[in-house]
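Down below is the structure, laid out as C-alpha cells.
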Amino acid sequence: DNPKYYLLEMFPYPSGRIHVGHVRNYSIGDVIARYKTMRGFNVLHPIGWDAFGLPAENAAIEHKTHPSQWTYDNIAYMRSQLKRMGISYDWTRELATCDPSYYRWEQLIFIKMFEKGLAYRKRSWVNWCEKCQTVLANEQVEAGLCWRCGKEVAQKDLQQWFFKITAYAEELLDYCDKLPGWPERVLTMQKNWIGRSEGAEISFTLEKGESEITVFTTRPDTLFGATFMSLAPEHPLAQTLSHGTPQENPVRQFIEKMKREDLSKRTAEDTEKEGVFTGSYCINPVTNRKMPIFVANFVLMEYGTGAVMAVPTHDQRDFEFAKKYGLPLIIVIQPPEEKLDPIYLEAAYVDDGIMVNSGQFDGIPNKEAGVKITDYLASIGKGRKTVSYRLRDWGISRQRYWGTPIPMIYCDECGIVPVPEKDLPVVLPLDVKMLETGQSPLALSSAFVNTPCPRCSRPGRRETDTMDTFVESSWYFLRYACPRYDNGPLNKDKVNYWMPVDQYIGGIEHAILHLLYARFYTKILRDLGIAQQDEPFTNLLTQGMVHKETTRCPQHGWLFPKEVEEGKCTVCGSAVEIGRTEKMSKSRKNVVDPDELIGQHGADTIRLFCLFAAPPEKDLDWNDLGVEGAFRFLGRVWRIIQAHAETVKDVKPYHGKEDLPETLKNLRRKTHQTIRKVTEDLEERFHFNTAISAIMELVNTLYQFDVNSVESPFKNQILRETVETIVLLLYPVSPHITEELWQILGHTASISKQAWPSYDPEVAKKEEMVIVIQINGKLRSQITVPVNTPEEEIKTLAQNDERTKQWTEGKKIVKIIYVPRKLINMVVQ
RNA sequence: GCCCGGGUGGCGGAAUUGGUAGACGCAAGGGACUUAAAAUCCCUCGGUGCUUGUCACUGUGCCGGUUCAAGUCCGGCCCCGGGCACCA
C-alpha cells in the first residue's frame with residue numbers, strides 16, 4: 001500500500017576498470033533510492049545490465065574467452081565494486097539480458113512486428129568494409145576509411161532489417177509536449193531529429209511512357225520555376241531512365257563512382273555538386289515545360305522521395321547545379337524592394353515575395369500561392385499536401401555475433417518465413433571461433449545457417465544478422481518489472497504496477513537514439529497488446545560526465561595520472577604534454593581509480609565530494625584537492641557527534657512544546673530549517689550540492705553552540721535531536737559512516753530502516769526578521785523586528801532609523817515600497 | 001547556416017517567484033593549541049579608496065532599455081558548450 005517509485009539508471013558498463021566517473025553516476029541513483037526508501041516508497045531500483053552492458057565481440061577476443069563467460073565475470077566484478085562504494089542492491093533485481101530467455105521474447109516481439117509490417121527488409125546503400133565484412137555507421141568511417149582496419153569503405157547495396165519508427169513520427173513528436181519531467185534540451189534534440197516539415201508531393205509525368213516521378217517539396221510556390229529534375233544515385237529510376245539513350249554509359253559510370261565514395265563524404269556540405277543527365281525528360285505539370293532529369297550526388301534517397309524538383313532561382317543547391325551545367329533559370333518570386341534578373345543573379349533568392357511568371361498565381365504573396373498551387377495540383381490529380389520527416393526507419397541488422405539473432409528463415413519456395421514460436425529462442429551457437437577482424441562468425445557456421453524451412457521443410461537458410469543492441473535497451477525497463485516471468489514477454493499486472501519509470505537517469509549522449517527508440521518500442525508493445533503504456537519515462541535526469549585533463553608522453557603515448565610526476569613521464573623522464581580536459585575514458589587514460597581513493601578516504605568521502613562539487617546535470621572537472629574538503633567535513637561530523645554521544649546517549653530526541661531558552665530555541669530552529677531545506681532540495685530538484693551545504697551549516701551551528709552557556713532540563717534532548725538529524729540527513733549520501741554513528745548513538749536497528757526526519761513548520765519559523773532598508777534602491781541600513789510586526793510599524797521604524805535619517809535628511813520621501821518580510825525601499829528627492 | 005543551453009570572486013558553485021549578489025566548500029592569509037610539525041579549533045577573504053566604518057564608490061560577458069528595485073525581464077552584440085545540417 002506504499003506508493004511505488006521506479007528508479008532506473010542507464011548503466012555505463014565499464015569495459016575496463018571502474019573509474020571515478022562511474023562512482024558519480026552510481027551515487028546519484030543510490031542516494032535517490034535511499035532517500036525515497038526512507039520516505040516510505042516501495043522502491044524498485046534495478047542495477048542490471050542491459051544491452052549497453054554486453055561486450056562487443058572484439059572485447060571477448062581481447063579477453064580470450066567466450067563472451068558469455070566474460071560478461072558474467074564482469075558482472076561479478078561490478079558487484080564487488082558497487083558493494084565497496086556502498087551502492088546497495090537490496091532492492092535490485094539480478095538480470096543480465098544476455099540470458100537466452102530474453103532472446104525468446106525479443107524474437108517473439110520481432111515476429112509480431114514482422115506480421116504487422118513494422119519490421120521489414122529493405123534494400124539500401126550502406127557503408128561496407130570488405131575486409132571486416134561489416135556495415136559501418138557514418139561515425140565509424142574516418143576520411144573514407146574503416147575505423148577498425150583502416151581499409152577503404154565503399155557503398156554496398158544490401159538487404160537489411162528495419163523497424164518502422166517513421167510510422168510513429170507524429171506520435172513521438174506530439175508526446176514531446178506531454179513530457180514535462182524531461183529536460184527541455186533533450187526534447188528539442190528529439191524534435192529536431194524527427195524534423196517534421198510540411199509541404200507537398202508533386203507528380204511529374206515522364207515524357208516517354210506512362211510512369212511518373214514523385215517529389216516532395218516544402219516550396220510548392222516555386223513550381224513554375226522548376227526547370228529540371230534531380231534523382232539520388234540510389235533511385236530505382238536513375239539507371240533505367242538512361243536505357244537506350246546515349247547517356248547510358250555516363251550514368252552507369254557516375255553511379256559506380258558514387259558507390260565507391262562513402263556516404264558521409266558524399267553528403268558533406270562542402271562537397272562539390274555533381275551530376276549527370278539521364279537522357280530522359282519529364283513534364284512540369286503547370287508549365288508543361290520539358291524538364292531534363294539528372295542524377296545528382298547531393299540528393300538523398302532517405303529523405304522525401306529521393307527525387308527533387310529543381311528550382312535554381314530559389315534554391316541555392318539547385319542554383320549551383322544549374323550554373324555548372326548551364327540549365328535555365330526562371331524567376332517566380334520577386335522581392336518587394338528590388339527586381340531580380342536571372343542574368344545577374346549571384347545566388348538563389350530564398351526569401352518571401354510576390355509571385356511572377358506563374359500564370360493565374362501572379363501577383364499574390366508566395367506563401368499564399370503555395371497553398372493555392374497545392375490545391376490546384378490536387379484538383380488535377382498531380383499532387384497533394386503532405387508532411388515529411390527527417391527521421392528514418394531504424395536499421396537494426398548487425399553483422400555481429402553478440403546480439404539477439406533475428407528469427408527468420410529464407411526459403412527459395414516460401415520466401416521469408418518466421419521461426420515458429422515453439423522453436424524460440426534461436427540461440428547463438430557456442431562452438432564458433434571469434435575472428436580477429438570482428439566479422440561475425442555466424443555466417444560461417446553451417447550448423448547455424450542451414451535449417452529446414454518451417455513451412456515446406458525444404459532446405460532453408462537462417463538469417464545471420466543479429467539485432468542492434470539498442471533493441472534490448474528499448475524494453476529492458478519493462479522486463480525489469482517481471483524479470484523471471486515465463487508466460488510471455490511481460491506480465492501486465494507487474495508492468496502496470498511499476499511502469500512508467502518514475503525517474504530515469506542517464507547521460508546526455510543517449511538523448512536521441514536510445515531515448516527515442518525506447519519511446520518507440522514502448523508504443524509498439526502497446527499496439528501489439530503486450531504492454532499498456534504510452535510513454536516509458538516520466539522524469540528524466542541527464543547527469544553530467546566527469547572530466548579530467550589528459551596527459552601524453554611523446555614516447556609512451558597517453559599516460560595515467562599516476563605515471564606523471566612533476567610534469568615528467570615516470571618511465572622516460574620526457575616532459576609531458578597536457579592535453580584537453582575531457583570525459584574520463586580508458587583509451588585516453590585520464591581516469592582516476594576509485595579503489596585508491598576509497599582506500600585512502602573511504603567511499604563516503606568520494607560520494608560526498610562527487611555530489612557536492614556540482615549539480616548532477618552539470619559536467620564536473622575532477623580535482624583531487626576538493627576531496628580533502630569532503631574528507632575533513634566527515635571528520636568534523638564524526639568528532640562533534642562523538643563529543644556529544646555520551647551526554648545524549650540515554651535521552652530521547654526532543655518533541656515537546658515547552659518554552660525554551662533562546663540559544664536552544666535557535667539550535668532547534670536551525671535543525672528544523674535544515675530538514676526543510678534538505679528535503680526540498682532532494683525532493684524537487686535533486687540538488688545534492690545545496691542539500692549538503694545546508695547540512696554543513698547545521699554542523700557549523702552545532703560547533704558554535706556552547707553547551708555550558710545554557711541550563712535546561714531539555715538541553716540534552718534537543719542536542720540529541722540535532723545530532724540525530726545530522727546523521728539521518730547525511731545517510732543517503734554517506735551511508736557507511738552514518739550507519740556507524742547511528743549505532744554509536746545507541747541504536748540497534750540499521751539506519752537504513754529509519755524514516756526520513758520530518759520538520760515542524762512552527763519550530764522552523766523565524767521569530768524575527770531582518771528588514772533591509774533601501775534608499776532609492778540602494779542598501780543603506782537594516783532593522784530587525786519580530787515576524788508579526790505590522791506593515792505600518794515597520795515603515796515608522798524604518799523612517800526613524802538613525803542611518804535612514806542620514807540619507808533622508810532635508811529630502812522629501814516620495815514613495816515607500818514594502819516587500820513583506822524582506823525590504824523597504826524609500827524613494828527620496 | 002538553423003535550433004538549444006550557458007557566461008557570477010583565484011577555483012567549484014549559491015542566490016527557487018524581479019527584492020540584502022557571492023551561501024557552502026576549495027585555495028590563500030592570520031591566530032589559538034604544540035618544544036616542533038601534522039591534525040584540530042577560531043578569524044579574514046570580489047575590487048578600489050580613505051576618515052577602518054552598521055563607511056563610500058564600484059562590481060554577475062559587452063552596449064542600451066523597462067522598473068522604486070535587474071545576475072534574474074526586454075532589445076542589440078561578443079564569447080563558450082551542445083545538437084542538427086546539401087533534409088529539397
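A, B, ... follow the sequence lines: proteins, then strands. Residue 1 opens every chain.
Contacts of A:Val819 with the nucleic acid, taken as non-hydrogen atoms under 4.0 Å apart, include base atoms. When heavy atoms are screened at a 4.0 angstrom cut-off, A:Trp622 is found touching no nucleic acid atom at all. Base engagement by A:Asn825 is indicated by at least one non-hydrogen atom pair under 4.0 Å involving a base atom. Across all strands, A:Arg392 comes closer than 4.0 Å to base atoms (heavy-atom distances). Residue-level contact check: A:Gln704 touches the backbone only, with heavy atoms under 4.0 Å from sugar-phosphate atoms and none from bases. Across all strands, A:Ser388 comes closer than 4.0 Å to no nucleic acid atom at all (heavy-atom distances). Using a 4.0 Å heavy-atom criterion, one finds that A:Arg390 contacts the bases of the nucleic acid, with or without backbone contacts as well. Within 4.0 Å of A:Glu302, counting heavy atoms only, lies no atom of the nucleic acid at all. A:Asn297 comes within 4.0 angstrom of a nucleotide base, judged by non-hydrogen atoms across all strands. Within the nucleic acid shown, A:Gly629 comes within 4.0 Å of sugar-phosphate atoms alone, with no base atom in reach, counting heavy atoms only. At a threshold of 4.0 angstrom between heavy atoms, the contacts of A:Thr188 are confined to the sugar-phosphate backbone, with no base atom among them. Across all strands shown, A:Val311 has no heavy atoms under 4.0 Å from either base or sugar-phosphate atoms.
Atoms CG (A:Leu698) and P (B:C24) sit 13 Å apart, rounded to a whole Å. Put simply, NE2 on A:His601 is 15 Å from C1' on B:G25, counting in whole angstrom units. If you take CG of A:Leu620 and C1' of B:C11, they are 13 Å apart, rounded to a whole angstrom. To the nearest angstrom, P of B:C41 lies 12 Å from CG of A:Leu702. Atoms CE (A:Met545) and C1' (B:G82) sit 10 Å apart, rounded to a whole Å. B:U17 atom P lies 9 Å from atom CZ of A:Arg685, rounded to whole Å. The distance from atom CD1 of A:Ile817 to atom P of B:A70 is 12 Å, rounded to the nearest whole Å. Between A:Lys618 atom NZ and B:C11 atom C1' the separation is 12 Å, expressed in whole Å.
Between A:Arg639 and B:A39, a side-chain N or O to OP1/OP2 separation shorter than 4.0 Å is absent. Remark: A:Tyr703 is in phosphate contact with B:C41, judged by side-chain N or O atoms under 4.0 Å from OP1 or OP2. Residue A:Arg803 places no side-chain N or O under 4.0 Å from the OP1 or OP2 atom of B:C55. For B:C24, the OP1/OP2 oxygens have no side-chain nitrogen or oxygen of A:Asn700 closer than 4.0 Å. Considering only side-chain N and O atoms, A:Arg821 lies nowhere under 4.0 angstrom from the phosphate OP1 or OP2 of B:G19.
In summary, A:Lys324 and A:Glu274 do not engage in a salt bridge, as defined by a charged side-chain N under 4.0 Å from a carboxylate O. A salt bridge is absent between A:Asp619 and A:Arg24; no separation between the charged side-chain nitrogens and carboxylate oxygens falls under 4.0 Å. We find that A:Asp221 and A:Arg219 are joined by a salt bridge, their nearest charged nitrogen and carboxylate oxygen being less than 4.0 Å apart.
A donor and an acceptor atom, one from each side chain of A:Thr550 and A:Asn590, are nowhere located under 3.5 Å apart. Under the 3.5 Å distance criterion, with hydrogens and angles disregarded, no donor-acceptor pair is assigned to the side chains of A:Asp706 and A:Ser709.
Comparing B:G13, B:C24, B:U40 against the side chain of A:Pro615 picks out B:G13 as the nearest. Nearest nucleotide to the side chain of A:Val827, out of B:A23, B:U40, B:C68: B:C68. Checking B:C3, B:A88, B:U54 against the side-chain heavy atoms of A:Leu300 singles out B:A88 as nearest. Looking at the side chain of A:Asp681, the nearest of the listed nucleotides B:U16, B:C86, B:U20 is B:U16. Considering only side-chain atoms of A:Asn689, the nucleotide from B:U20, B:A14, B:G12 that sits closest is B:A14. With B:A88, B:U16, B:U20 as the candidates, the nucleotide lying closest to the side chain of A:Glu680 is B:U16. When each of B:A88, B:A56, B:G83 is scored by its nearest atom to the side-chain atoms of A:Arg780, the top-ranked nucleotide is B:A56. When each of B:G25, B:U20, B:C84 is scored by its nearest atom to the side-chain atoms of A:Ile512, the top-ranked nucleotide is B:C84. Taking every side-chain heavy atom of A:Phe298 into account, B:C86 is the closest of B:A23, B:C4, B:C86. Of the listed nucleotides (B:G83, B:U40, B:U20), B:G83 has the atom at the smallest distance from the side chain of A:Met189.
For A:Arg317 against B:C87, no side-chain N or O and base N or O form a donor-acceptor pair under 3.5 Å. On a pure distance criterion of 3.5 Å, a polar donor-acceptor pair joins the side chain of A:Lys273 and the base of B:C86. Residue-to-nucleotide contacts include no donor-acceptor pair under 3.5 Å from the side chain of A:Asn192 to the base of B:C84. For a distance-only test at 3.5 Å, the side chain of A:Lys677 qualifies as a donor-acceptor partner of the base of B:U16.
Pairing partner, B:G1: B:C84, with both Watson-Crick or wobble hydrogen-bond distances short of 3.5 Å. Summarising the base pairing, B:C41 is matched to B:G31 through a Watson-Crick or G-U wobble pair whose two defining distances lie under 3.5 Å.
Distance check, rounded to the nearest 0.5 Å: CG of A:Leu730 to OG1 of A:Thr725 gives 12.0 Å.
B:C43 and B:C26: their P atoms are spaced 14 Å apart (whole Å). Taking atom C1' on both B:U67 and B:C73, the two are 10 Å apart, rounded to the nearest angstrom. Atom name C1', nucleotides B:A70 and B:G61: the rounded distance is 16 Å, in whole Å. A gap of 30 Å separates the P atoms of B:G12 and B:C3, to the nearest Å. Comparing the same atom, P, in B:C42 and in B:G25 gives a spacing of 10 Å after rounding to whole Å. Spacing of C1' atoms, B:G7 relative to B:G13, comes out at 14 Å, to the nearest Å. Separating the C1' atom of B:U72 from that of B:U60 is a span of 10 Å, rounded to the nearest Å.
Using bins of under 30°, 30° to 60° and over 60° for the plane-to-plane angle, the ring pair A:Phe688/A:Phe686 lands in the parallel bin.
A cation-pi arrangement is found for A:Arg636 relative to A:Tyr703, the charged atom lying closer than 6.0 Å to the ring centre and inside a 45° cone about the ring normal.
No more than 12 heavy atoms of other residues, nucleotides or ligands shown are found within 6.0 angstrom of NZ on A:Lys811.
For A:Phe321 and A:Phe228, the gap between ring centers is short of 6.0 Å.
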